[in-house]
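Remarks on the structure that follows.
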Protein chains: 2
Amino acid sequence: MPRSVDVARLAGVSQKTVSRVLNNEPYVSVEVRRRVLSAADQLGYRLNNAARALASGRTRSIGVVSLGTALFGPASLLIGVERAVRDAGYALRVVNTMEGDSSGIAGAVESLLEQGVDGIVISEPIDEQTDEQTDEQTEPVRVDVPVLVLGAPSAFAAPRVVATGVSTRLLARVATEHLLDLGHASVHHVAGPQHWYAARDRLEGWRAALRERGCHEPPVQHGDWSADSGYAAGRELAGDGEVTAVFAANDDMAIGVIRALVEARRRVPEEVSVVGFDNVPVAAYITPPLTTVRQPFDAVAAEGIKLLVHAIEQPGADLPTASGQPVELVVRASTAPPPRTTPGRRRTTSG
Amino acid sequence: MPRSVDVARLAGVSQKTVSRVLNNEPYVSVEVRRRVLSAADQLGYRLNNAARALASGRTRSIGVVSLGTALFGPASLLIGVERAVRDAGYALRVVNTMEGDSSGIAGAVESLLEQGVDGIVISEPIDEQTDEQTDEQTEPVRVDVPVLVLGAPSAFAAPRVVATGVSTRLLARVATEHLLDLGHASVHHVAGPQHWYAARDRLEGWRAALRERGCHEPPVQHGDWSADSGYAAGRELAGDGEVTAVFAANDDMAIGVIRALVEARRRVPEEVSVVGFDNVPVAAYITPPLTTVRQPFDAVAAEGIKLLVHAIEQPGADLPTASGQPVELVVRASTAPPPRTTPGRRRTTSG
DNA sequence: CTGAAAGCGCTAACAT
DNA sequence: ATGTTAGCGCTTTCAG
C-alpha cells in the first residue's frame, strides 16, 4: 500500500504538500498540484482514513441509529439520510436497534461513539423500555457530538441536540379534516403503536381536528403498523354501524382495514371512507385506490442533515431553518361523502 | 477524553495491559482485568477506533454498497446485512448507488476502500452503464479486501469475491409451475428491469418452467418493479383474451397488474390468476389476497456475511456452505384454475 | 502473566 | 508557496 510519502517522493515534493493537495488546501501552485495528483494516480494511492482521523480528531463520518424494519417510512428516511450525508461529504455508519432491544438507543449511540463519528442521527426513535428490571442503573451516555433527532422531540437527552424532526401532526390533521369536509360526522382512528412518537403525534393530530370541529371522539383502535393489525382493527370497525370514516396511521394498516371492511360487505368508499398515511408506492393501485398523505422524507432528511453538519462544522449559533415542508394530501377513490341517512332514523349501535 | 494510559495509571498497570484487557487477550490475571475494567468505567473511557485501526491495519468494519431504494427486497436485504454484520462484531458503513449513477458501483467501492473497510458487500447490483461515452478509460478499482456479492454472479470483477448470492430462479420456477399445475395452458410474465440481475434471473426461471412443460412462451412485458409499471403491463395483458395466468417479478407489479385487470373487468382469479414475488407485508390484505413466493432475505444475508467474515479472518480456504434456503410458495386467493373453455370454441384475439 | 519501546500514516503548528 | 517537526492513541514486536 503506497503512503503519502511515496507520492511525495515520486512528485518530488514534501509529504506535507501531498497532504495539502489531497485536502484541497490553498497555497499550492497549479504545477505542483498536477504533479502530486499524477503521482498519486500512478501509484494507485489511497488516503488512509484511520490515520487522518487519528491526527485530526475528526472522522468525517456520521452515524445513524435506525430501526431495523423495512417499513416504508423508516426505510425511506434512511435513504434520504444516506444521500444527504454523502452529499455533505461524510461517510455513513449505520446501527439498527431492533424493537425491544435491551440496550436500545443508548447502546447504539455508544457503539457509534466508539467507532468515532462526528455527529449522530437518531431516526424515528421509539421510547426506551422503562421496565423496572431493565433499569440497572443505566448511566446516561456521555455524548460529545451533535445529535440530530428525526421525528421525535426530546426523545434523547444530550447536550447538543440540533433539531427535532418534523411534526406529522399537521398531516394527520389534514387527513382527518379531509374526511370531515366530505361530511362525515366523525372519524375513527387506527393508531400505530403508542411507544412510537410518530404514532402518538398522528393520534394527536386526529384528535385536534375532531375537537376543533366539535366532533365526538370515538374510541381508538390500536395497531402495530402492519396490515395484519389493520385488518384486526378493521374487523372491529366493520361491526360498528356508526363507522363511516377511518383514518389509519399508515398505509399498510389502511390496507388491512379496507380488506376487513370488504370481507364484511361494507363497501369502500360508498359506506366507509378510509384514509392512509405515507403514500406507499402501491397505494394508487390497490382496490380502491387509497387516499393518503405523502410524507416528504427526502426533504426532512436533507434539512436535518444540513443542520447537523452545520452544528458539526460551526459549533456556534445554528440556523433553525424550520422551512415547513408542504403538506400533500393525495385524494384517491377510497374516500367519499358518507352514505345518506335520514336524520333521526339512523340506526345506532352504541348503547 | 481519557486515553488508555489514563486508565493504566488509575489501575496501576501498564498501558499494554489495558490494551490486553480491552481486546480480551489471554494471559491477564482476573484481578488485573477487574481493576482495569473498573478504572475504565470510572473514567468513562472509550476506545479510540481510529488509533486502533491505524495501528492494527484493520477497521473491524464492513462496507455495503446498496441501492438507494425503499423497495421491499433491497431494504429487507440491507436490514439483514446490518444485523449479521453487527452480530459478527463489525461496524457497518453504507453507500448507496442511485440508479443511473455515473460512477456507479466502482465509485462506491472506491469510497468504502478509502474509508477503510475490512470487507465489502455488494447488494443486488445492477449492471454498470456500458455506454460508450461513459467509458473514459475507467481502470478497474484495485480491491484488496474480500467482496461478497449478494444476488448476482460475476457482477464485479475482484480478486477475492467470496460468494455470489442466491438464485431466485428456482423461486420463479416454482411460482410458474404453481400456475401450470392449476391447469393454465401457459403463463405470461411481467419482468423487472433487465439490467437487474434479479430480474433476468426470475425471467429465466419462468422460461425454464415453461420449456420443461412444453408450453408456448408468450411475449414478456417489461416493468421497472413499480406498481405503476405493473399497471401498464396489466393493461396490455387485459386486452389479450389468451391471458389466464400472470407471473409478476415482484409483488408491487403484481398489484398493478391486478388493478389493471380489475379495471378492465377481468376477474381475478376467476378469469386471470396472478402470482407475485417477495411476499410483501400487505400481500395478504389486498383484494384478492396475493399468491406469492417468499424470499429468505435474512437467511441469505446471514449466510453471506458469515462467508465474508470468514474470508476476512481466515484468508485460507473458504467453506462454500451453500446451504440452499427453503423455497416457500405462499398460496392465497389470487390464483385459481383457468376458466372452463370448450376446446375449439375459444375466442382468440391474436391474429 | 506483565511491561517497554517502536511505529501505524496522517495533520497541525510552526518555520522558511 | 513549500518544508520540518511533533505527535494523535493505539497495537505490535520483543523482553522480561
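In the text below, chain A, chain B and the rest are named by the order of the sequence lines, each starting its count at 1.
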[N] OP1/OP2 closer than 4.0 Å to side-chain N/O of [X]:
X        : N       : value
Arg52(A) : dC10(C) : no
Ser29(B) : dC1(C)  : no
Ser4(A)  : dC10(C) : yes

Open item on the list: What's Val5(B) touching, base or sugar-phosphate or nothing? Going by heavy atoms closer than 4.0 Å.
Closed with: nothing
- [ ] Report which part of the nucleic acid Asn23(B) touches: base, sugar-phosphate, or nothing (heavy-atom distance under 4.0 Å, all strands).
- [x] sugar-phosphate
[atom1] of [X] versus [atom2] of [N]: gap in Å, rounded?
X        : N       : atom1 : atom2 : answer
Tyr27(B) : dG3(C)  : OH    : P     : 17 Å
Leu47(A) : dC8(C)  : CG    : C1'   : 14 Å
Arg3(A)  : dC10(C) : CZ    : P     : 8 Å
Leu22(B) : dT2(C)  : CG    : C1'   : 16 Å
Arg35(B) : dC1(C)  : CZ    : C1'   : 13 Å

Open item on the list: My understanding is that only residues two or more places apart in sequence, or in another chain, count here; which of them pass side-chain hydrogen bond (donor to acceptor under 3.5 Å, both in side chains) with Asp87(B)?
Closed with: Arg83(B)
Nearest non-hydrogen partners of [X] and [Y], listed with the distance:
X         : Y         : result
Gly119(A) : Val145(A) : CA-CG2, 4.0 Å
Phe297(B) : Gly73(B)  : CZ-CA, 3.5 Å
Asp298(B) : Ser76(B)  : OD1-O, 4.3 Å
Ala108(B) : Val95(B)  : CB-CG1, 3.7 Å

- [ ] With DNA chain C as reference, determine whether Gly12(B) or Asn49(A) sits nearer its 5' end, using the nearest nucleotide of each.
- [x] Gly12(B)
Task: Position toward the 5' end of DNA chain C (nearest nucleotide), Ala51(B) or Pro26(B) - done: Pro26(B)
- [ ] Would you grab the first and last nucleotide of DNA chain D (5' to 3') that comes under 4.0 Å of any non-hydrogen atom in chain A?
- [x] dA1(D) to dG9(D)
TODO: Not counting sequence neighbours, which residues clear side chain to side chain contact (heavy atoms under 4.5 Å, CB included) with Val13(A)? List them please.
DONE: Ala8(A), Ala11(A), Thr17(A), Val18(A), Val32(A), Arg35(A), Val36(A)
- [ ] Taking the side chain as every heavy atom from C-beta outward, state whether Ile62(B) and Glu82(B) have any atom pair closer than 4.5 Å.
- [x] no
All N/O pairs under 3.5 Å across the protein-nucleotides 12-16 of chain C interface:
| residue | atom | partner | partner atom | Å |
| --- | --- | --- | --- | --- |
| dA12(C) | N7 | Lys16(A) | NZ | 3.3 |

Open item on the list: Checking Arg34(A) now: which residues fulfil salt bridge (Lys or Arg N to Asp or Glu O under 4.0 Å) with it, not counting sequence neighbours?
Closed with: Glu31(A)
Task: With Glu114(A) via salt bridge (Lys or Arg N to Asp or Glu O under 4.0 Å) - residues at least two apart - done: none
